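Reading through the structure tokens given below for one structure.
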Amino acid sequence: MRVSDVVDILVVGGGINGASVARDAVGRGYTVALAEMNDLASGTSSAATKLVHGGLRYLEHYEFRLVHEALAEREVLWAAAPHIIWPLRFVLPHHKGLRPAVVLRAGLAMYDYMGGRRLLPPTKTLDLTKDVTGKPLKPGYRLGFEYSDCWVDDARFVVLNARDAADRGAKVHVRTKVTSLRRDKGEWIAELDGEAGRQSIRARLVVNAAGPWVDDVITGAMGKNGAHNVRLVKGSHLVVHKLYEHDRCYIFQNGDGRIIFAIPYEGDYTLIGTTDEDYSGDPKDVKISDAETDYLLSAASEYFAKPLGREDIHWSYSGVRPLFDDGASAAQEATRDYVLKVDGDAETGAAINVFGGKLTTSRRLAESVLDKIEDVLGKKGAAWTKKSTLPGGDFEPLAFEAEVRRLGKDFPGLPQKLTRRLMRLYGTRARVLLGSASTVEDLGQHFGADLYAAEVDYLMAHEWARTAQDILWRRTKLGLRVSPDEVVALENYLAHKAL
Ligand code: FAD
């Protein structure tokens, strides 16, 4: 087999951790290749609750380092990608099953000030008998707290990190599995099997960011015996028809002490999740169980005036958290912090195995990985991502609405709903996608909802989209709105383009 490439760093896995490491490393001057065995973000990184958050409940588990780092990241990431990341307000209805109000108020004050909040509004107290957020709830709730966190389009967050990495010179191979990693004269020879056929890459260092498969890479590709570092914890979400009209989210604590969120989702829906249970199957087969569905419906029905039933469900999704196994007894108590383990050194060939982590802390995780890379390969450029923007995010965090108006003004012949959606997904790069179009007819074939060929072509050319699933469920969420026939039409178009 030919050795097609020689790089400083090979990243295994195109989830948020792999994409963030690749971006940071190439920006510092290392040569980088990333291999993802399926689509970017096809693993855990498209199945999250999609919050950039400190994690209020992690305070209860004394995870102060994690909460502090995560809180500070909210505004850093919002500024980096104000199209796909934006602030949310969460309402916590108080009741007698919870900690006393004064304790919650103190916890929220800590949450407000621990992370250096600048633009996000602070916590406030609500009278739920009068506030609009009390209306959808069962009668009886009086006191509530409202605090800030942020939303992120998780799958797009991954793709934009990968796009930026590629724009800076990284080689991104999708649908390419790393099947073997063996050491040779202080370096690695990696065998890759994927859309470009089989090839070998020589790398001075390997970053194993395979998420739920991280132990499989250690035992399979690297051929080591019995790695058991990861605890797989499954989490599922329901997407139900919109439950209320206002834009606030809810955080509900259940009788079992767990919390769930209800979050406005994609305009017409409410997202409810998540569950938290140990998982032992193949991560690619994860799906919601009947018991989880019942749990989420009944947990939400504890709070909402109108009980939820299966008929309210429009879609569901599940993912597996690849948590570092710290020996905690309950799934929800296992640490959400990340752990990095270095195997080998510059003499033998080094691998950095990445365990755990969150979307929220992915940029910081990448910086920590880079510290370890520098120990092995020597220092190149300085840390740079804190003040950078992701593709399409080069505008002020509070200027999103102004950017939507500007795009609408520049493309007056296109429906406002479409230009708004494109600004949300692509930011300033929506202009590249739209080119010289002045009406929807100029955007080419229509595939249902407001998806046209111009967007499909853009996603294939710039965002590694290959299948209808990639486009409908990860690059966009138009899968919520298209019919089976429309999916077939899109599949046919993609097959024709691939010829
Ligand atoms: P993944 O996204 O799974 O990426 C690993 C990739 O490696 C996969 O795409 C896989 O295909 C690839 N791969 C594996 N083996 C190979 C191989 N041999 N060759 C090539 N490629 C390979 N975090 C937050 O910050 N906020 C939240 O609200 C939040 N909510 C969550 C809710 C749930 C239910 C879950 C499950 C997680 C949540 N998280 C949240 C955590 C966050 O989603 C994960 O920590 C993060 O996505 C993990 O990313 P990763 O890159 O490690 O793994």
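Indexing begins at 1, ligand by ligand and atom by atom, following the structure's order. Note that the structure is a prediction, hence the values are computed from the model and not measured.
Residues that satisfy the side chain to side chain contact (heavy atoms under 4.5 Å, CB included) test with Lys287, not counting sequence neighbours, are absent from this structure. A search for side chain to side chain contact (heavy atoms under 4.5 Å, CB included) contacts involving Glu266 returns Tyr269, Lys477, Leu480, Arg481, not counting sequence neighbours. Under the side chain to side chain contact (heavy atoms under 4.5 Å, CB included) criterion, Ala165 pairs with Ala22, Arg23, Val26, Ala170, not counting sequence neighbours.
Residues with a heavy atom under 4.0 Å from ligand 1: Val12, Gly13, Gly14, Gly15, Ile16, Asn17, Ala35, Glu36, Met37, Asn38, Ser42, Gly43, Thr44, Ser45, Ala47, Ala48, Thr49, Lys50, Leu51, His53, Thr176, Lys177, Val178, Ala209, Ala210, Gly211, Pro212, Trp213, Val217, Gly235, His237, Thr274, Gly319, Val320, Arg321, Gly357, Lys358, Leu359, Thr360.
Looking only at atom types and distance, the side chain of Tyr338 has no donor-acceptor partner in the side chain of Asn17 under 3.5 Å away.
Aromatic ring pairs are classed by plane angle as parallel below 30°, tilted from 30° to 60° and perpendicular above 60°; the pair Phe252 and Tyr303 is parallel. Taking the six-membered ring where the residue is Trp, Trp315 and Trp473 present parallel rings, their angle staying beneath 30° rather than reaching 60°.
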